[in-house]
Visitor: 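Here it is, the structure, as structure tokens.
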Number of protein chains: 2
Amino acid sequence: MPTKLIAVLIAVSEDRPMVLTLEGGRVLPSGPLEAGHRSLQTGLRLWVERQTGHALGHVEQLYTFADAPDNDAGDERSVLISYLALTRIHRGEHGWRNWYDYFPWEDQTAPDGRALVARIAARLEDWARAAPPALGAVRRQRIALTFGLEGLGWDDELVLQRYELLWEAGLVPESAPPGGAAVRGQDMAGDGRRILATAMARLRAKIRYRPVIFELMPDSFTLLHLQRTVEAVAGQAMHKQNFRRLITQQDLVEETAEVAPDTRGRPARLFRFRREVIGARRIAGSKLPLTRPV
Amino acid sequence: MPTKLIAVLIAVSEDRPMVLTLEGGRVLPSGPLEAGHRSLQTGLRLWVERQTGHALGHVEQLYTFADAPDNDAGDERSVLISYLALTRIHRGEHGWRNWYDYFPWEDQTAPDGRALVARIAARLEDWARAAPPALGAVRRQRIALTFGLEGLGWDDELVLQRYELLWEAGLVPESAPPGGAAVRGQDMAGDGRRILATAMARLRAKIRYRPVIFELMPDSFTLLHLQRTVEAVAGQAMHKQNFRRLITQQDLVEETAEVAPDTRGRPARLFRFRREVIGARRIAGSKLPLTRPV
DNA sequence: CTAATTATACTCATAACGAGCATAATTAGG
DNA sequence: CCTAATTATGCTCGTTATGAGTATAATTAG
């Protein structure tokens with residue numbers, strides 16, 4: 001059975017979370033597993049760095065699965081090992097897409113974020129209503145939990161659960177019945193979006209207890225820039241003063257002598273990540289300082 | 001490249017965390033990946049349930065890696081996909097081992113827990129001293145962090161990091177130089193202990209935010225029994241009153257009409273897990289109510 | 001009847017968190 | 001120069017979560 005490695009390369013550019021894609025945004029980069037590497041992880045790292053020229057920061061394995069065999073093509077079923085990798089990009093490189101193109105409802109910082117969820121919830125309610133009463137109730141419960149309805153609160157880590165719910169409901173192109181109208185959001189080939197959803201969920205979880213967000217930042221940055229990057233990844237707006245408190249209290253950053261050059265209001269001091277905390281204990285406060293969603 | 005599935009089956013029996021092994025405790029159960037299953041996960045579940053007769057509760061994928069090819073045997077290198085699975089056992093079944101037989105230092109509830117860590121730390125200090133000064137300092141920092149020295153506090157989730165440190169230092173049989181004396185603890189063939197360490201770490205992390213601990217409990221139990229089970233998994237003693245507060249406040253359990261039969265002091269009420277919270281939001285308080293390690 | 005043992009209910013101080021007020025230091029535009 | 005707009009930064013305050021311990025209840029062993 002052939003084995004492939006799949007990389008979800010993530011960067012944040014101009015406060016937007018980006019993912020590296022190929023073939024017009026429809027597939028994620030992947031390559032065959034080559035023998036001879038010391039470990040799968042170093043194999044992936046070498047391969048990506050050679051293919052894309054990007055130095056990778058944090059790399060972690062996501063999930064391994066057997067893909068659906070493409071019977072038409074007579075393909076053999078293969079084992080896919082997926083990875084999350086963080087890096088930085090510069091403007092103008094090709095193939096980078098905003099990950100919210102694929103999951104518009106995951107961006108709860110957008111002005112229409114809640115409204116979009118409400119529209120999706122209405123479609124899902126149709127799906128629940130189409131089932132027998134007992135099953136319908138189960139579905140309603142899942143919908144409320146995953147989409148934070150009925151006062152339950154939005155959980156930004158449930159990216160995969162939301163996608164799978166839409167998949168089951170036939171509301172994504174990957175699973176929609178002929179003629180069925182899918183929810184807005186670009187699709188990918190095969191399991192692409194499922195893998196991307198897994199990567200997003202993992203990253204959103206990770207930034208709460210490991211300082212991986214700095215892998216996505218330039219060397220020096222303002223606290224607002226840092227906040228915007230976290231908000232981009234989490235898809236949620238945060239309370240500015242409390243965000244600073246969280247960052248500074250934990251000594252994650254240190255001041256530089258400079259202030260940000262292009263600025264509108266009061267100039268902001270530039271900070272730098274204190275690399276020495278990398279190995280250190282988990283960062284405190286697993287809770288991000290969200291603002292109340294109004 | 002052949003692909004194998006490896007299962008780390010965990011149960012808790014008489015307040016001891018147990019793992020299912022074969023061949024005198026030296027290997028974990030594994031089997032070939034069979035085509036035709038809907039997913040790897042269901043494939044594993046069916047296979048384990050057929051082989052062992054155990055109904056599995058929670059199952060989750062751990063990690064996929066390429067094992068070191070056994071050149072002597074002329075083996076081909078293979079891809080190993082490991083899983084954590086929770087179940088229950090009854091006395092007298094074969095092959096179940098206390099996981100602390102493999103990692104004695106992970107049991108910080110044992111009276112000699114800290115003393116054992118101190119002895120290991122001394123051996124590791126030798127290893128740090130053997131390196132050039134700069135590298136030695138890095139090693140000392142890692143040792144202090146992973147083993148909670150110098151007032152840093154024991155982090156029960158660092159099981160894998162501790163094992164890998166000992167591996168690097170040549171203090172486990174898997175890596176010890178000829179004639180080198182390893183730290184106490186039974187070894188396993190190949191990457192067995194590394195996989196077990198991964199499973200332990202994952203489970204210790206998981207019980208903090210998902211109610212998976214109940215997969216290891218009988219239908220009804222006292223709060224002390226529940227506490228002992230959590231302590232067995234976490235390897236750390238907890239504050240009794242605060243433990244109850246954490247469990248009851250979150251409505252994870254409901255009272256039954258009965259009290260525990262065989263009891264020494266005041267009879268304890270029997271509780272039952274409220275299955276309806278399974279799908280629900282993550283359980284609060286990621287912190288377990290530890291007692292101060294004195 | 002007493003000591004030992006376990007269960008259970010509360011209290012209290014402190015730390016963490018969510019929310020917001022107040023002030024400082026800029027630029028843009030009259 | 002003056003004012004409004006804008007962003008940065010410092011600080012307060014109430015609430016909740018957490019760590020630690022006291023007090024009391026209900027049993028059994030002797």
Side-chain angles (χ1 to χ4, degrees), chain A residues 15 151 153-154 156 208-209 220-231 234 236-271 281-294, chain B residues 15 151 153-154 156 208-209 220-231 234 236-271 281-294:
Chain A
D15 301 339
W154 179 260
D156 64 318
R208 287 158 202 255
Y209 61 95
S220 71
F221 46 81
T222 68
L223 291 181
L224 183 59
H225 183 190
L226 181 63
Q227 180 180 345
R228 294 282 178 246
T229 304
V230 173
E231 288 176 336
Q236 292 184 105
M238 305 194 181
H239 183 285
K240 186 167 178 170
Q241 296 94 318
N242 291 348
F243 181 84
R244 314 178 126 259
R245 179 174 63 186
L246 196 68
I247 300 296
T248 53
Q249 267 181 1
Q250 297 187 76
D251 290 327
L252 291 175
V253 297
E254 60 192 4
E255 292 189 354
T256 69
E258 293 136 280
V259 294
D262 58 326
T263 173
R264 299 226 296 191
R266 172 174 169 177
R269 183 170 296 281
L270 285 173
F271 290 80
R281 81 289 170 209
R282 62 188 50 224
I283 62 183
S286 65
K287 295 178 185 165
L288 296 173
L290 304 176
T291 52
R292 179 204 289 281
V294 187
Chain B
D15 300 337
W154 179 260
D156 64 317
R208 286 158 201 256
Y209 61 95
S220 71
F221 46 83
T222 68
L223 291 181
L224 183 59
H225 183 191
L226 180 63
Q227 181 180 343
R228 295 283 179 245
T229 304
V230 173
E231 288 176 335
Q236 291 184 106
M238 305 195 178
H239 184 285
K240 186 166 176 168
Q241 297 93 319
N242 291 348
F243 181 84
R244 313 178 125 260
R245 180 174 64 185
L246 195 69
I247 299 296
T248 52
Q249 265 181 2
Q250 297 188 75
D251 290 328
L252 291 175
V253 298
E254 61 193 3
E255 291 190 355
T256 69
E258 293 136 279
V259 294
D262 58 326
T263 173
R264 298 226 297 192
R266 172 173 168 178
R269 183 170 296 281
L270 285 173
F271 289 80
R281 81 290 169 208
R282 62 188 50 225
I283 62 183
S286 65
K287 296 179 185 164
L288 296 172
L290 304 177
T291 51
R292 178 204 289 281
V294 187

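Bear in mind the structure is a predicted one, so any value in this text is a computation, not a measurement. Here is the naming used below: chain letters follow the sequence lines, and residue numbers restart at 1 for every chain.
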Visitor: Taking for each residue the nucleotide of DNA chain C with the nearest heavy atom, is it B:E255 or A:G265 whose nucleotide lies nearer the 5' end?
Guide: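 Per heavy-atom nearest nucleotide, the more 5' residue is B:E255.
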Visitor: Can you tell me how far P of D:dT16 sits from CD of B:Q249, to the nearest Å?
Guide: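 In whole Å, D:dT16 P lies 12 Å from B:Q249 CD.
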Visitor: Would you please confirm or rule out a distance under 4.0 Å between OP1 or OP2 of C:dA7 and any side-chain N or O of B:K240?
Guide: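 Yes, B:K240 has a side-chain N/O under 4.0 Å of OP1/OP2 on C:dA7.
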Visitor: How would you label the contact of B:L224 with the nucleic acid (heavy atoms, under 4.0 Å): base, sugar-phosphate, or nothing?
Guide: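 The residue B:L224 makes sugar-phosphate contact but no base contact.
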Visitor: In whole angstroms, how far is the P atom of D:dT7 from the CG atom of A:L226?
Guide: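 One finds 17 Å between P of D:dT7 and CG of A:L226, rounded.
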Visitor: What is the distance from CZ of A:R228 to P of D:dT7, rounded to the nearest Å?
Guide: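 Answer to the nearest Å: 8 Å.
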Visitor: Output the rounded distance in Å from CE (A:M238) to P (C:dC17).
Guide: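 Distance check: A:M238 CE to C:dC17 P gives 13 Å.
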Visitor: Over how many whole Å does the gap from B:N242 atom CG to C:dC12 atom P extend?
Guide: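 Going from CG in B:N242 over to P in C:dC12 covers 16 Å.
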Visitor: B:F221 and side-chain contact (heavy atoms from CB on, under 4.5 Å): which partner among B:T229, B:V253, B:T256?
Guide: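 Looking at B:T229, B:V253, B:T256, the match for B:F221 under the side-chain contact (heavy atoms from CB on, under 4.5 Å) is B:V253.
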Visitor: Can you name the one residue among A:H225, A:E258, A:E255 that meets side-chain contact (heavy atoms from CB on, under 4.5 Å) with A:F271?
Guide: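 Of A:H225, A:E258, A:E255, side-chain contact (heavy atoms from CB on, under 4.5 Å) with A:F271 is met by A:E255 alone.
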Visitor: With respect to the phosphate group of C:dA24, does any side-chain polar atom (N or O) of A:R266 fall under 4.0 Å of OP1 or OP2?
Guide: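 Checking A:R266 against C:dA24: no side-chain N or O falls below 4.0 Å of OP1 or OP2.
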Visitor: Is A:R264 close enough to D:dT7 that one of its side-chain N or O atoms is under 4.0 Å from OP1 or OP2 there?
Guide: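 So the side-chain polar atoms of A:R264 do come within 4.0 Å of the phosphate oxygens OP1 or OP2 of D:dT7, strictly under.
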Visitor: If you take all heavy atoms of B:Q236 and B:E231, which pair is closest and at what distance?
Guide: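 So the minimum-distance heavy-atom pair works out to O-CG, 3.2 Å.
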Visitor: Write down the partner of D:dG30 under the Watson-Crick or G-U wobble criteria, each distance required to be under 3.5 Å.
Guide: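 Its partner is C:dC1 (Watson-Crick or G-U wobble, both distances under 3.5 Å).
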Visitor: In whole angstrom, what separates A:R244's CZ from C:dG18's C1'?
Guide: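 Atom CZ in A:R244 sits about 17 Å away from atom C1' in C:dG18.
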Visitor: Where do B:A234 and B:D156 come nearest, in terms of heavy atoms and distance?
Guide: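 Minimum heavy-atom contact is O-CB, 3.4 Å.
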Visitor: Let me know the distance between CZ of B:F243 and P of C:dC10, rounded to the nearest Å.
Guide: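 The distance from CZ of B:F243 to P of C:dC10 comes to 20 Å, rounded to the nearest Å.
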Visitor: Looking only at the side chain of A:R269 (C-beta and beyond, no hydrogens), which of the listed nucleotides D:dT9, D:dT18, D:dA23 gets closest?
Guide: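 It is D:dT9.
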Visitor: Assess whether one donor atom and one acceptor atom, taken from the side chain of A:R245 and the base of D:dG10, lie less than 3.5 Å apart.
Guide: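 No.
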Visitor: Evaluate A:T222 against A:L270 for side chain to side chain contact (heavy atoms under 4.5 Å, CB included), listing each step before the verdict.
Guide: CA-CA 5 Å; A:T222 68; A:L270 285 173; 3.9 Å; yes
Visitor: What integer distance in Å separates A:Q241:CD from C:dC17:C1'?
Guide: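 It is 14 Å, rounded to the nearest whole Å.
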